[in-house]
Amino acid sequence: MHDFKGQTVIVTGGTRGIGKTIAESFLTSGAKVIATYLTNEAAAAKFKQDNSQFAENLNVQKLDVSKYEEVERFFKYIDSKYGGFEILVNNAGIRKDSVLAMMKESDWHDVMNVNLTGIFYMCKFAVMNMMRKRYGRIINISSVMERYAFEGQANYAASKAGLVALTKALSKEVATRGITVNCVSPGFIATELIQDLPDKLREAYLARIPMKRFGNAEEVAACVLFLASKEASYVTGSVLEVSGGL
Ligand code: NAP
């Protein structure tokens, strides 16, 4: 649908789940892709193997987005290897659900550190780089939970609502520099992230979705690629929901 030849894309959490499909969609559209992961070496190796036909355009890197120094080192490496990049997809995210009164302090901070602070770090270094080129596309993967905030997800919902606010503020700061910053906000997408849902909860969620089905990663990737395209030049600070009508 879109041609990304000559463009370089960073996808965090890009070796499994939604991120993997986003990374593969960019590869098949001609982009060079740097896909990052954190601990799942097996999934990263399989992703590399599955995409061996794109070996020249694919670079898999280990990166913890919640560590400031690691993020700083990562962008120095990208700069020296590629001389910059055009597109950043902040996809890495985690969930650690429990009702607030029972929530461990560490579960609150872990979710905030990855889903919100990590994206602040990634955006901070990315924007410095993109300003030099006066071009860039940043797509942050939020969640419809930023609007619905279901019980048991205070940390996750707050992190994703914060991410929408970060996106809107940053989009205004860089609007005259050729850089757009948007959110794609998925509903329930069939990946490992929601595999552990109890059957009863799964049924209850399905009943609430007007389309009566979970979405798939391809449906999210299609929206990411649109916002990453040159054609989406007048779209910034927006939240594109992919939720089957939730
Ligand atoms: P997933 O299958 O659990 O994958 C999460 C990815 O994030 C993995 O690649 C993981 O790396 C990486 N990651 C975790 N912590 C990290 C850290 N500290 N630094 C860097 N990378 C880290 O999740 P998903 O379902 O594909 O979700 C992707 C995004 O969509 C998330 O932001 C999620 O909140 C959002 N989302 C998902 C749904 C859904 O229904 N699935 C709905 C709404 C929003 P490893 O592979 O090394 O573990």
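Start at 1 with the first residue, then count along the sequence. Just follow the structure's listing: the first ligand is 1, and inside any ligand the first atom is 1.
With a 6.0 Å radius and a threshold of 12 heavy atoms from other residues, nucleotides or ligands, Met131 has its CE atom above the threshold. Residue Glu105 qualifies as open at atom CD: its count of foreign heavy atoms under 6.0 Å is 12 or below. Other residues, nucleotides and ligands place more than 12 heavy atoms under 6.0 Å from the NZ atom of Lys133. In this structure, Lys212 places its NZ atom where more than 12 heavy-atom neighbours from other residues, nucleotides or ligands lie under 6.0 Å away.
Numbered from 1 in the order shown, with element, the atoms of ligand 1 that lie under 4.0 Å from a heavy atom of Ile94 read 14 (C), 15 (N). Residue contact check: Asp64 has heavy atoms under 4.0 Å from atoms 17 (C), 18 (N), 19 (N) of ligand 1. Ligand 1 places these atoms under 4.0 Å from at least one heavy atom of Ile141: 29 (C), 30 (O), 32 (O), 35 (C). Listed by number with element, the atoms of ligand 1 under 4.0 angstrom from any heavy atom of Thr39 are 45 (P), 47 (O), 48 (O). Close contacts between ligand 1 and Gly93 involve ligand atoms 5 (C), 7 (O), 31 (C), 32 (O) [criterion: under 4.0 Å to a heavy atom]. Of all atoms in ligand 1, listed by their number and element, those nearer than 4.0 Å to a heavy atom of Gly13 are 6 (C), 7 (O), 9 (O), 12 (C). Per-residue contacts place Gly17 under 4.0 angstrom from the following atoms of ligand 1 (heavy atoms of the residue considered): 2 (O), 26 (O).
Of the candidates Ile189, Leu38, Asn90, Asn115, the one placing a heavy atom closest to atom 40 (O) of ligand 1 is Ile189. Residue Tyr156 holds the heavy atom nearest to atom 36 (N) of ligand 1 of all those in Tyr205, Phe188, Tyr156. Compare Ser185, Ala217, Ala23, Gly187 by their heavy atoms: the one nearest to atom 42 (C) of ligand 1 is in Gly187. When Asn91, Thr36, Thr117, Leu63 are ranked by how near their heavy atoms come to atom 20 (C) of ligand 1, first place goes to Leu63.
No part of Ala44 comes within 4.0 Å of ligand 1, judged by heavy-atom distances. Of all the heavy atoms of Tyr37, the ones lying under 4.0 Å from any atom of ligand 1 are found in both the backbone and the side chain. Counting heavy atoms closer than 4.0 Å to ligand 1, residue Val65 contributes atoms from both its backbone and its side chain. With a 4.0 Å cut-off on non-hydrogen atoms, Lys20 does not touch ligand 1 at all.
Ionic pairing of Lys62 and Glu70 is not present here: no N-O contact between side-chain nitrogen and carboxylate oxygen is shorter than 4.0 angstrom. Checked for salt-bridge contact, Glu69 and Arg73 miss the test: no charged N lies under 4.0 Å from a carboxylate O.
Judged as a side-chain contact (heavy atoms from CB on, under 4.5 Å), and not counting sequence neighbours, Ala222 has no contacts.
For the residue pair Asn129/Asp79, the side-chain donor-acceptor check at 3.5 Å is satisfied.
Taking the six-membered ring where the residue is Trp, the centroids of Tyr68 and Phe120 are separated by 6.0 Å or more.
The shell of residues lying under 4.0 angstrom from ligand 1, judged by heavy atoms, includes Val114.
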Quick one: side chains of residues 230-238, donor-acceptor pairs under 3.5 Å with protein atoms, not counting sequence neighbours, listed by atom name and distance.
residue, atom, partner, partner atom, Å
Glu231, OE1, Ser229, OG, 3.3
Thr236, OG1, Val181, N, 3.0
Ser238, OG, Asn182, OD1, 2.8

